[in-house]
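First up is the structure itself, then whatever we jot down about it.
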Amino acid sequence: ADVGACLITKTDTNPFFVKMKEGATAKAKEMGIQLSTFAGKIDGDVETQIAAVESCIAAGAKGILITPSDSRALAPAVTQARENGLLVIALDTPFEPPETADATFATDNFLAGELIGQWAAAKMGDTSGAKIAMLDLNASEISVDYLRNNGFLQGFGVDIKDPKDIGDEDDPRIVGNDVTNGNEEGGRTAMENLLQKDPGVNVVYTINEPAAAGAYEALKAVGLENQALIVSVDGGCPGVQNVKDGVIGATSMQFPLLMASKGIEAIAAFAADGTKPANTEGLDFFNTGVELVTDEPVEGIPSITSEEALKRCWG
Amino acid sequence: MTQSAPKGQSFEHDLEKSDKRVASFEAHSKGGLHRLQHILHGNPTLVPVIVLLVSVAVFGLIAGGKFFSAFNLTLIMQQVSIIGILAAAQSLIILTAGIDLSVAAIMVLMSVIAGNLAVYSGWPAPIALLVAFVGGTVAGLMNGLLVTKVKLPPFITTLGTWSIFYALNLWLSGAQSIRSQDIDANAPLLKFFGEALSFGGARITYGSILMIAIFGVLWYMLNHTAWGRHVYAVGDDKEAAELAGIRTDRTLLSVYMLAGFVCSIAAWASIGRVGSISPQSFYEGNLQSITAVVVGGISLFGGRGSILGALFGALIVGVFQSGLRLSNVDVLWQVFAIGWLIIIAVAIDQWIRKVSA
Amino acid sequence: MTQSAPKGQSFEHDLEKSDKRVASFEAHSKGGLHRLQHILHGNPTLVPVIVLLVSVAVFGLIAGGKFFSAFNLTLIMQQVSIIGILAAAQSLIILTAGIDLSVAAIMVLMSVIAGNLAVYSGWPAPIALLVAFVGGTVAGLMNGLLVTKVKLPPFITTLGTWSIFYALNLWLSGAQSIRSQDIDANAPLLKFFGEALSFGGARITYGSILMIAIFGVLWYMLNHTAWGRHVYAVGDDKEAAELAGIRTDRTLLSVYMLAGFVCSIAAWASIGRVGSISPQSFYEGNLQSITAVVVGGISLFGGRGSILGALFGALIVGVFQSGLRLSNVDVLWQVFAIGWLIIIAVAIDQWIRKVSA
Amino acid sequence: MSAHPILQARGLVKRYGRVTALDNADFDLYPGEILAVIGDNGAGKSSLIKALSGAVQPDEGEILLDGKPVHFSSPLQAQDAGIATVYQTLALSPALSIVDNMFVGRELRKPGFMGQYLRQLDKPAMRAFAREKLSELGLMTIQNIDQQVETLSGGQRQGVAVARAAAFGSKVIILDEPTAALGVKESRRVLELILDVRSRGIPIVLISHNMPHVFEVADRIHIHRLGRRLCTIDPKEHSMSDAVAYMTGAKEPGDKAA
Amino acid sequence: MSAHPILQARGLVKRYGRVTALDNADFDLYPGEILAVIGDNGAGKSSLIKALSGAVQPDEGEILLDGKPVHFSSPLQAQDAGIATVYQTLALSPALSIVDNMFVGRELRKPGFMGQYLRQLDKPAMRAFAREKLSELGLMTIQNIDQQVETLSGGQRQGVAVARAAAFGSKVIILDEPTAALGVKESRRVLELILDVRSRGIPIVLISHNMPHVFEVADRIHIHRLGRRLCTIDPKEHSMSDAVAYMTGAKEPGDKAA
Ligand SMILES: Nc1ncnc2c1ncn2[C@@H]1O[C@H](COP(=O)(O)OP(=O)(O)OP(=O)(O)O)[C@@H](O)[C@H]1O
Ligand SMILES: Nc1ncnc2c1ncn2[C@@H]1O[C@H](COP(=O)(O)OP(=O)(O)OP(=O)(O)O)[C@@H](O)[C@H]1O
Ligand SMILES: [Mg+2]
Ligand SMILES: [Mg+2]
């Protein structure tokens with residue numbers, strides 16, 4: 001195992017990244033690559049990720065797979081790594097500009113949002129009476145946060161104004177935005193707060209499935225769980241299970257395992273003969289795909305059922 | 001051994017005639033503000049109560065009826081309940097002149113342990129909870145031993161154990177939440193404190209009642225038992241307490257263990273509150289519990305303040321957050337406002353304590 | 001006014017003959033461990049140095065040549081430099097028996113201000129930096145005024161201002177990083193401390209040199225100027241210092257302002273280190289700087305310890321993190337190990353200080 | 001003087017780092033007597049009584065109470081054995097009330113269910129008892145027994161500490177410089193209290209730098225020097241000058257020592 | 001006694017919450033004299049000298065130095081005006097060395113560039129000066145002038161505080177119970193120092209509860225009672241009994257008061 005590779009995730013606490021790590025570890029073992037894994041302590045922990053990139057250089061790794069905590073701030077460190085001859089692949093979150101890395105294996109987060117937005121709109125039919133609760137990540141408004149948020153709103157048919165800003169819309173159908181920190185506790189509190197503003201909320205966008213689970217609890221506590229459609233993004237197994245159980249109406253599934261194992265393969269190939277991975281045609285990244293998961297499919301939007309999704313969840 | 005009654009030194013004969021006054025006391029009549037200061041000085045627990053009432057009134061005016069509904073007021077209670085229980089544990093530590101950065105970490109770790117045992121390993125829920133209670137107490141014991149035996153400052157001890165408990169939590173949970181539905185199916189008892197009494201618009205969860213009950217019990221223990229007097233004495237001056245015949249190390253250990261135990265009760269309550277068991281929740285809970293305690297007027301130097309202050313402190317923070325949100329204030333400015341709340345609440349408290357002139 | 005030399009009371013005539021000894025001193029010959037303890041007791045700054053050397057040696061054995069390369073060792077210096085500079089500011093506050101939860105928030109806020117002015121508003125970089133320096137000093141002044149004039153405990157003050165500075169930072173930056181390329185194009189001076197001297201594999205950034213220089217200057221100020229003696233005296237016993245004729249409030253204000261200023265230098269250095277200006281970075285920097293200070297053996301109670309300890313403390317933490325990473329330890333267990341590092345480092349320090357028997 | 005000492009120490013050694021505070025110190029206290037302990041600053045007087053009262057553990061040597069070896073690992077154990085001590089630092093908790101301070105570590109519980117199972121304190125009983133003890137000491141200028149100790153003057157605090165010791169010391173009462181900060185009038189009260197306690201048959205150890213006070217009340221004087229007992233003298237047979245000369249090393253005691 | 005007081009106070013009032021610590025207190029100190037201030041515990045002696053030395057600001061009243069009204073808003077200002085004070089609490093920093101404590105607030109800087117621009121301390125000069133002052137006081141049993149103050153015994157600390165005041169008090173030296181915790185030998189040293197300072201022409205204010213000491217060294221005695229000056233007496237014309245009786249309120253002073 002002369003080939004070393006690094007996986008640097010945003011945090012070690014988000015199941016999405018934990019999954020990614022599992023995928024990379026399994027693939028690396030299979031291919032005989034020595035994998036080191038790193039993660040920031042919290043979302044936005046730029047300095048730990050920079051230190052991790054540097055340690056990979058110091059360790060003489062051949063390539064780095066990274067989900068940048070800040071798509072701009074990590075550019076210099078990554079550039080340094082590439083100058084030192086390492087292959088750098090961005091996973092999940094693209095750099096700004098994307099060419100900062102050799103390649104990007106990602107889901108289109110905006111598209112992921114758009115899909116659930118379209119689904120929710122189609123499900124409602126007449127969206128003029130919609131009352132939308134937006135459950136976002138946190139006060140820092142990082143890229144996943146605004147991409148998913150604005151993707152959803154676009155898909156739903158709301159004028160999103162600045163595509164990089166959350167909460168600048170003036171559509172009266174939006175009840176409000178609140179932050180969840182991407183966990184159940186935050187999801188519940190945020191949902192309660194928005195219900196306070198307008199108890200008639202009937203569409204709930206959530207940044208991820210744990211937040212969706214929390215939102216559902218809040219609705220259930222006041223007996224409104226059947227009034228609102230909850231949509232989310234991620235496609236984690238518990239999330240898909242929640243689609244199956246009717247907690248979440250629809251979720252956009254991503255494939256962290258796939259991203260990671262593709263990434264490992266790319267590094268192996270690069271180490272063997274120097275080939276670099278190519279982007280998906282027409283995109284500035286290699287699309288690992290998004291699938292809409294719902295048990296109530298609507299016409300015109302391709303989707304898979306939760307049954308199917310459970311077999312592939314976070315594959 | 002027999003000796004006639006002593007007369008003392010020559011210059012002391014006239015002492016019997018001396019008068020008994022020591023220093024003169026005067027009542028000054030001062031302006032209204034000073035009068036208020038004096039009244040509050042005599043009843044320091046009133047301060048957070050007044051701040052609470054004033055903030056409820058102010059937000060009632062700004063945010064209107066939405067804020068003032070029975071539903072919203074009981075909702076604030078619910079939202080505050082977990083941080084409130086943690087603040088009760090935190091108060092115990094702060095009364096002994098310590099500080100505990102690990103309360104929320106202990107709570108989350110114990111909820112993960114109870115959940116893993118009851119939901120995944122199929123243990124009966126009461127046993128799983130019992131294990132969590134014991135675990136919380138042991139975690140508190142670990143903090144307590146480091147503070148009393150290794151003599152580390154509490155800040156450093158709990159800064160260290162915070163990382164340790166946090167790492168264990170991620171390891172045990174694999175960063176995965178346990179779903180609400182799985183809990184319902186396997187161990188509904190874990191969600192007991194999420195149930196509620198509803199009447200009118202009000203919805204009082206058992207968790208809110210638990211919080212109040214915990215404060216009530218701790219208040220009784222602190223004010224009406226010998227143990228409580230010892231806790232205050234140790235926080236006030238540890239060395240003096242030791243010399244006066246208190247087993248200070250034992251008292252401190254009991255306080256840390258009790259705090260750990262209360263955190264594990266909070267763990268149970270948090271499952272009811274959140275619905276699922278989420279290893280990533282309450283990351284900021286340590287600092288939030290400290291905020292509640294200081295806003296409630298308990299001195300960080302130990303030995304002074306009523307534990308009920310922490311309850312009002314938690315409620316004040318809850319009222320602020322709810323009121324700001326209902327007034328459509330951006331999250332960003334909510335963070336900003338909480339910063340000022342901390343500073344202003346403690347500044348008022350300092351002003352009350354400094355009665356002079 | 002003339003009076004013959006007094007004789008004192010009757011029982012005192014023989015005093016001249018009394019001997020001058022007060023208590024006996026003995027040198028005990030004890031085991032090696034006790035000898036070591038005694039030596040270190042006399043030179044407490046040696047402790048973190050030894051811990052540092054031992055950890056370098058241990059990780060050298062575990063992680064092998066990768067760890068020991070000139071590249072990696074200078075890399076650790078680089079990685080540590082920002083937290084190191086913050087730890088210098090933190091040490092100043094901790095020496096006065098305070099604690100500053102806002103150092104990293106001040107730093108990030110100032111880097112955002114300098115970046116906004118120089119990159120987006122087109123101000124000349126030196127002026128933008130000057131504004132940041134003044135801003136950092138004013139932020140420190142705000143902390144200082146709350147501590148000295150409003151008499152809030154430093155912990156509470158900086159818990160509050162942390163939120164305030166953090167909110168301002170997100171507001172000013174719109175939570176958006178300023179890209180490296182934009183800085184290069186508009187204000188390359190901001191990235192000055194990212195440049196490096198390279199020889200062999202080593203790569204010493206100006207930022208690392210800056211960190212060492214800052215520690216050098218502060219060490220001189222603390223140990224060779226009157227101001228430094230006053231800082232120690234205030235941290236040791238504020239009331240005694242006041243009575244002895246130190247303007248304690250002025251000293252405290254100067255310390256908070258200097259700490260704020262050092263944070264704004266750290267802001268400049270952080271732009272060089274990170275390459276871009278990221279409003280979300282260093283969220284944990286406050287606690288990390290405290291960790292460096294306590295691992296370096298500076299007492300949280302104030303007045304004791306050398307500021308150089310904080311430098312070694314920061315390096316120890318850096319060596320640990322680098323070593324653990326290069327030894328392929330999972331992040332989870334890295335967090336776990338840092339928790340134990342804090343506890344064990346301070347426990348050793350306590351053991352050294354407790355020389356007895 | 002009865003034949004058997006009530007409290008005894010043999011060969012006590014206590015080292016603080018390189019300082020030897022107690023260097024093979026002996027000590028004897030007989031029933032019903034007032035024993036004064038005098039010595040220079042730093043001679044080790046406070047260290048001696050701290051060892052006797054369980055506040056520090058001696059490195060070597062043994063302590064005997066009623067002739068039986070005892071080992072106090074905390075002040076509480078010594079107090080439970082009937083040895084009450086007023087330390088130089090008073091050991092009061094400033095933020096607690098006078099009552100709470102008097103009863104700290106020996107609180108009274110309510111009778112019946114509340115006390116036995118809910119461990120409720122009997123505050124009225126404690127208040128009444130505290131008031132009685134303080135009145136005995138002539139300290140009832142204190143208006144409010146629930147006042148915090150930090151609001152009292154130094155003299156009043158000393159009074160509270162002495163009253164606590166007098167109330168709870170059933171075998172031995174030890175006072176470490178109880179009058180150091182007191183005025184003429186207040187010192188007199190404390191001396192009267194000491195004599196009063198002795199008249200109840202309880203022996204007292206009094207540390208003081210005030211020779212007239214010592215010679216006025218002491219039955220025997222233990223002279224401490226350089227960490228050990230130099231000699232014990234009878235105040236009726238020795239003058240103050242002798243005592244001061246011995247204690248400061250200006251003269252060597254003859255074999256006349258008691 | 002010369003005609004004009006060097007330090008004077010008129011109608012000082014200081015209230016702490018509901019306690020009036022100073023109630024229209026007057027004070028006069030004449031050049032070259034030793035003025036003793038005596039009074040019960042809590043009479044307000046320490047409050048008086050704290051007001052005179054800038055440690056607390058009186059609510060009412062004025063202070064005159066050399067006949068000119070002064071207003072000290074900090075102890076430093078009083079020190080700069082030549083008033084050096086040893087407080088009851090000593091005001092030493094335990095973790096600092098003896099030298100650092102002696103020079104705190106009045107450090108010496110190196111001459112030339114290092115001192116003027118880099119503000120470097122002149123440690124050797126400070127050490128030499130401190131050693132000299134402590135030797136004068138007979139306190140050179142201290143082996144190491146760089147020793148931390150917390151390693152000293154209570155008596156040695158008191159010595160350092162007194163030496164600091166004696167070294168820097170150019171106009172007035174105020175000592176608040178400087179011998180309270182001291183042994184016989186150590187007290188004697190301090191009294192000798194006081195007489196020595198007086199012989200250099202510097203007036204001294206001495207607060208003490210020890211009547212023999214007061215009557216031995218004082219030129220005049222200010223009797224403080226219930227927050228104000230009751231009277232001033234001449235120790236050669238009044239007995240200790242008189243002083244104690246006045247101070248405790250057992251007797252009223254006649255119009256014989258000086
Ligand atoms: N906790 C301690 N740590 C280090 N040294 C100590 C400690 N306690 C006492 N000593 C030292 O032990 C010696 C004896 O001190 P001790 O307090 O017993 O003297 P003392 O006779 O009571 O003096 P004084 O009359 O001033 O109260 C002194 O040299 C003192 O500095
Ligand atoms: N900081 C303070 N806060 C509140 N009360 C105070 C304060 N300082 C002094 N007092 C009160 O003022 C009165 C006078 O105190 P002061 O210390 O001046 O007395 P004193 O004459 O020096 O007594 P002693 O002989 O015991 O030192 C006392 O009743 C005391 O309790
Ligand atoms: Mg003593
Ligand atoms: Mg006084």
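Residue numbers start from 1 in every chain, and the chains themselves are labelled A, B, ... in the order their sequence lines are given, proteins ahead of strands.
Both the backbone and the side chain of A/Ala221 come within contact range of chain B, each with at least one heavy atom under 4.5 Å from a heavy atom of that chain. Within the 4.5 angstrom heavy-atom criterion, atoms from both the backbone and the side chain of B/Val274 approach chain A.
Shown here is A/Lys161, whose NZ atom has more than 12 heavy atoms of other residues, nucleotides or ligands within 6.0 Å.
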Please tabulate, one pair per line, the N or O donor-acceptor pairs under 3.5 Å between chain A and chain B.
unit_1: A/Thr13; atom_1: O; unit_2: B/Gln280; atom_2: NE2; d: 3.3
unit_1: A/Asn183; atom_1: ND2; unit_2: B/Gln280; atom_2: O; d: 3.1
unit_1: A/Glu184; atom_1: OE1; unit_2: B/Ser177; atom_2: OG; d: 3.4
unit_1: A/Glu184; atom_1: OE1; unit_2: B/Ser278; atom_2: OG; d: 2.7
unit_1: A/Glu184; atom_1: OE2; unit_2: B/Ser177; atom_2: OG; d: 2.4
unit_1: A/Arg188; atom_1: NE; unit_2: B/Arg273; atom_2: O; d: 3.2
unit_1: A/Arg188; atom_1: NH1; unit_2: B/Arg273; atom_2: O; d: 2.3
unit_1: A/Thr189; atom_1: OG1; unit_2: B/Arg273; atom_2: NH2; d: 3.2
unit_1: A/Glu192; atom_1: OE1; unit_2: B/Gln79; atom_2: NE2; d: 2.8
unit_1: A/Glu192; atom_1: OE1; unit_2: B/Arg273; atom_2: NH1; d: 3.4
unit_1: A/Glu192; atom_1: OE1; unit_2: B/Arg273; atom_2: NH2; d: 2.7
unit_1: A/Glu192; atom_1: OE2; unit_2: B/Arg273; atom_2: NH1; d: 2.7
unit_1: A/Glu192; atom_1: OE2; unit_2: B/Arg273; atom_2: NH2; d: 3.4
unit_1: A/Asn193; atom_1: OD1; unit_2: B/Gln79; atom_2: NE2; d: 3.1
unit_1: A/Asn193; atom_1: OD1; unit_2: B/Arg325; atom_2: NE; d: 3.3
unit_1: A/Asn193; atom_1: OD1; unit_2: B/Arg325; atom_2: NH2; d: 3.3
unit_1: A/Gln196; atom_1: NE2; unit_2: B/Asn72; atom_2: OD1; d: 2.8
unit_1: A/Lys197; atom_1: NZ; unit_2: B/Asn328; atom_2: OD1; d: 2.7
unit_1: A/Glu217; atom_1: OE2; unit_2: B/Ser180; atom_2: OG; d: 2.4
unit_1: A/Ala221; atom_1: O; unit_2: B/Arg203; atom_2: NE; d: 2.9
unit_1: A/Ala221; atom_1: O; unit_2: B/Arg203; atom_2: NH2; d: 3.4
unit_1: A/Asn242; atom_1: OD1; unit_2: B/Arg179; atom_2: NH1; d: 2.3
unit_1: A/Asp245; atom_1: OD2; unit_2: B/Arg179; atom_2: NH1; d: 3.2
unit_1: A/Asp245; atom_1: OD2; unit_2: B/Arg179; atom_2: NH2; d: 2.8

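Qualifying side chain to side chain donor-acceptor pair (under 3.5 Å) partners for A/Asp171, counting only residues two or more places apart in sequence or in other chains: A/Arg173.
Among B/Leu170, B/Leu75, B/Leu332, the residue making the largest number of heavy-atom pairs under 4.5 Å with chain A is B/Leu75.
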